[in-house]
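As structure tokens, the structure follows; a few thoughts come after it.
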Amino acid sequence: MNSDPFDFSDVGPAPKATPPAQQAPWLSGLNPAQREAVERLDGPVLVLAGAGTGKTRVLTTRIAHMIATGKAHPGEVLAVTFTNKAAREMRERVERLLGRPAAGMALGTFHSISARWLREHAELVGLKSSFTILDTDDQIRLLKQLIKAADIDEKRWPARMLAGLIDRWKNKALTPDRVPQGEGFNFADGKGLELYAQYQARLKVLNACDFGDLLLHMITIFQHHGDILTRYQNRYRRLLVDEYQDTNVAQYLWLRLLAQRPDDQPRNICCVGDDDQSIYGWRGAEVGNILRFESDFPGAHIVRLEQNYRSTGHILGAASSLIAANSGRLGKTLWTDAGNGDKITICGVWDALEEARTVGDRVETLQRSGHSLAEMAVLVRAGFQTREFEERMITLGIPYRVVGGPRFYERAEIRDALAYLRVLVQPDDDLAFERILNVPKRGLGPAAMQAINRLARLEDIPMSRAAAMLTDSEELRPQARRSLALFLEDFRRWRQDLDHLDHPTLTEQILEDSGYIEMWQKDKSPDAEGRLDNLREMVSAMRDFDTLPGFLEHISLVMENQEASGVEKLSIMTLHAAKGLEFDNVFLPGWEEGVFPNQRAIDEGGLESLEEERRLAYVGLTRAKKHAIILFAANRQIFGQWQSSLPSRFIEDLDAKHVDTLNAQGLYSGQEGSMASGAWGGFQGYDAEPARGPGWARARNRHADEGRSTQSDWGGGRAERIRKSRRNKPIEGRVERSGLPQAKATRFAEGDRVFHDKFGYGEVMSVDGNKLVVMFEHSGEKRVIDSFVRPA
């Protein structure tokens with residue numbers, strides 16, 4: 001294929017037109033709206049494709065139709081998707097419809113297409129065509145160098161935080177000279193913009209760019225080199241965009257520039273999307289891009305795909321009434337000719353444990369009646385909610401999988417926390433010890449790890465004992481010895497605390513004292529807050545066990561529940577991960593105020609975030625093909641603290657004629673197993689204080705016994721104060737009080753000549769067990785372990 005992006009020799013002449021459109025086999029089976037979206041080929045077109053309305057079929061058929069009818073040859077088609085997988089599938093479907101290859105068609109993601117183009121024009125933005133695309137780790141490493149060079153405290157202003165800011169600026173197509181001055185003060189008291197400029201300059205020196213640069217550089221080229229933009233506009237006369245509601249500002253500008261045409265030529269751009277399924281605002285998506293399509297492209301034609309081929313009438317009716325409460329939408333109403341089916345069930349329960357039991361029992365019932373586990377899904381708002389459902393499925397012996405991420409106890413932050421607890425209970429657990437020795441970073445890198453491992457092998461002792469021995473040796477640098485001694489001293493103190501602190505409280509203290517919580521509080525990655533939520537949920541789970549060893553044994557059994565290949569499994573996932581999927585039976589737990597809608601999202605984003613939360617609820621409902629069950633708990637233990645919960649406002653949005661309500665006895669004041677009649681007027685009678693389930697009794701009794709609140713003090717500060725109070729204490733004498741067995745006697749005596757790989761030749765001056773003081777010829781007097789020396 002010719003490497004010149006403006007050479008048309010590779011695409012050949014336009015194909016011959018097929019017989020009249022009505023004879024085209026690819027048009028058979030399309031409903032009227034789908035066919036209109038396929039056949040309206042000229043001018044700007046927005047296809048509002050509701051959930052389950054066949055948008056992928058419409059998009060691929062439209063491409064095949066324009067090529068087969070001679071409206072465009074493949075080399076004039078530019079189709080953009082959001083994933084490489086979707087691009088591959090789209091190309092395969094187009095070629096299958098055509099019955100031949102579609103050579104020359106540009107079909108891919110925004111970034112893959114931009115990367116290909118940028119190779120051709122790299123010199124225009126100061127790069128060479130051989131430029132490297134940095135991954136996240138390389139990006140963070142480079143930013144750390146710049147922060148250090150600027151004499152900025154990296155602990156206070158971490159590189160990951162700056163990387164997040166730069167990514168947001170690039171998503172908005174803002175080069176350093178275009179970022180508003182006010183935004184620059186979001187990092188290091190106004191140095192953010194200067195560091196962004198230095199970062200971009202450094203990338204050019206390295207002949208590299210990051211992921212965001214792929215679009216940003218092409219936008220810059222288009223804006224400053226009109227001749228190049230014109231050539232791309234002339235080549236790609238047919239633009240198609242999938243999932244338009246998920247585009248950010250940079251992607252929007254990229255498309256607008258390519259879609260510009262002289263006034264006498266039509267803008268042949270077709271965008272397919274659903275404003276009601278825009279749920280990625282937290283990563284830069286702008287729902288406003290699809291809402292203003294008509295004003296961006298005057299004369300635009302809108303085609304609404306409203307016939308749903310997935311869900312029953314009651315599910316669609318409830319979903320439509322829910323999303324109608326949003327003000328920022330273009331509007332459409334889904335319908336089906338497949339019948340109403342069963343109404344949505346709204347189930348109120350006492351607490352989250354009963355919620356998990358209810359879902360588990362229903363899954364078992366469905367499975368016994370012949371329903372496949374592969375056609376069932378539990379969709380939660382936040383990752384921490386998966387734990388109780390996972391444990392319930394393990395108890396029932398129901399195979400499951402967590403989609404879009406590891407299972408709860410397999411998550412990195414949970415494994416780290418469990419490693420601390422395993423070492424606490426069993427100091428000889430080398431695997432756990434090695435995992436946490438430098439997590440969070442405490443200056444015990446590969447050299448320290450190598451020394452500990454070597455001594456442990458030579459002496460045939462656990463790593464914790466080897467580490468204790470090295471604190472009295474000069475095998476390690478002074479700072480490393482000090483850090484190691486503090487680390488061991490922490491465990492000695494925590495073991496003493498086991499006698500008078502309950503294990504959940506002690507776990508909170510360990511995670512704080514060790515700096516582990518502080519590490520995630522300072523981490524500015526999007527998933528950092530979720531990791532803290534998971535840690536709180538783990539501490540909450542511990543309260544159901546009488547002892548710490550009992551909890552760890554339970555985890556071991558849970559982790560042994562390996563997924564069997566080839567076995568049908570129930571899917572457990574977040575609502576975000578469920579987009580694009582469908583299941584016969586969908587369970588939607590946690591529909592309570594503060595959980596869903598998520599309180600943090602509302603506090604930080606106001607009405608805009610609330611509407612995105614409602615769109616997320618709409619996405620969840622429309623995953624269901626036959627049955628949907630919404631659950632809410634009157635009482636929920638959130639991160640160790642019991643709270644009375646109000647049903648989600650989204651439940652009030654549901655049209656009552658599409659739902660059945662099934663509540664626990666006495667859940668609502670003055671009602672017997674159901675809500676009051678009318679437009680959900682029953683919520684007025686909700687008596688939050690008296691409605692207490694078994695969880696309330698357990699929590700009340702536990703709090704009375706402990707004489708304390710279970711609210712975790714993870715607001716920061718306490719751990720640092722504790723560390724500072726210990727920072728200047730002497731190291732000597734600490735390890736001996738740790739309860740670790742003392743080492744065996746040495747084979748060396750005073751006056752012996754010895755050799756050390758690091759310090760060279762020397763003479764033994766004194767002996768204390770297996771600890772030697774040696775006068776080395778070139779290194780002076782050192783304290784060493786006898787395993788590290790040999791007779792000279």
Side-chain angles (χ1 to χ4, degrees), residues 384 409 411-427 429 432-433 435-442 444 464 483-523 528-529 531-552 554-555 637-642 699 702-729 734-735 737-740:
F384 75 86
Y409 290 113
R411 290 165 181 157
E413 65 277 10
I414 301 299
R415 284 185 176 272
D416 288 343
L418 291 174
Y420 273 97
L421 299 178
R422 285 164 54 189
V423 173
L424 181 71
V425 172
Q426 171 54 276
D429 190 334
F433 185 88
R435 182 182 181 97
I436 60 173
L437 181 64
N438 202 37
V439 178
K441 293 186 185 302
R442 48 176 65 93
L444 299 172
S464 56
S483 295
L484 187 57
L486 286 171
F487 180 66
L488 296 173
E489 167 69 7
D490 281 341
F491 274 100
R492 183 198 65 80
R493 181 169 46 80
W494 294 332
R495 290 189 185 102
Q496 291 179 345
D497 290 340
L498 264 174
D499 297 331
H500 59 273
L501 286 179
D502 65 274
H503 51 284
T505 303
L506 179 58
T507 300
E508 290 181 351
Q509 181 176 316
I510 290 171
L511 294 175
E512 287 190 32
D513 293 356
S514 65
Y516 193 76
I517 292 300
E518 184 180 19
M519 178 185 78
W520 286 115
Q521 287 173 332
K522 289 183 175 180
D523 190 292
E529 191 60 43
R531 292 181 186 272
L532 288 170
D533 288 347
N534 291 336
L535 291 167
R536 296 184 184 103
E537 179 65 17
M538 187 201 76
V539 173
S540 178
M542 297 175 71
R543 301 185 186 281
D544 293 331
F545 297 86
D546 294 331
T547 65
L548 180 56
F551 172 70
L552 292 176
H554 167 75
I555 300 306
Q637 191 180 29
I638 300 180
F639 311 139
Q641 186 173 27
W642 283 95
R702 182 165 59 245
H703 294 178
D705 293 340
E706 297 169 0
R708 63 180 291 277
S709 167
T710 58
Q711 180 66 36
S712 171
D713 177 26
W714 285 358
R718 186 157 74 93
E720 179 64 18
R721 290 195 298 274
I722 294 172
R723 285 196 296 277
K724 284 182 177 178
S725 70
R726 300 197 304 267
R727 194 164 290 156
N728 297 318
K729 289 183 179 180
R734 284 182 170 178
V735 176
R737 297 193 302 272
S738 68
L740 293 171

Using side-chain heavy atoms (C-beta onward) and a distance below 4.5 Å, is [X] in contact with [Y]?
X	Y	answer
Leu484	Leu437	yes
Arg531	Asp523	no
Arg492	Leu488	no

Could you give the distance from [atom1] ([X]) to [atom2] ([Y]), rounded to the nearest 0.5 Å?
X	Y	atom1	atom2	result
Ile414	Ile555	CD1	CD1	9.0 Å
Thr505	His500	OG1	NE2	10.5 Å
Leu548	Asp502	CG	CG	10.5 Å
Leu498	Leu506	CG	CG	5.0 Å
Ile517	Gln509	CD1	CD	12.5 Å
Arg411	Leu418	CZ	CG	12.5 Å

For a salt bridge (Lys or Arg N to Asp or Glu O under 4.0 Å) check, start with the C-alpha distance between Asp513 and Arg493, then their side-chain angles and the critical distance, and finish with the verdict.
CA-CA 11 Å; Asp513 293 356; Arg493 181 169 46 80; 3.2 Å; yes
Heavy-atom closest pair, residues [X] and [Y]:
X	Y	value
Leu532	Trp520	CD2-CB, 3.8 Å
Pro440	Met519	CB-SD, 3.6 Å
Val423	Asp429	CG2-O, 4.2 Å
Ile436	Asp416	CG2-O, 3.7 Å
Arg442	Ser514	NH2-O, 3.6 Å
Phe491	Tyr420	CE2-O, 3.5 Å

Check against side chain to side chain contact (heavy atoms under 4.5 Å, CB included), Met538 and Thr507
CA-CA 10 Å; Met538 187 201 76; Thr507 300; 3.9 Å; yes
Ile510 vs Asp490, test: side chain to side chain contact (heavy atoms under 4.5 Å, CB included). Steps then yes/no.
CA-CA 8 Å; Ile510 290 171; Asp490 281 341; over 6 Å; no
Suppose we call two aromatic rings close when their centres sit under 6.0 Å apart. Are His503 and Phe551 close by that rule?
no
Glu529 with Arg536: basic N within carboxylate O range, under 4.0 Å:
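Yes, this pair counts.
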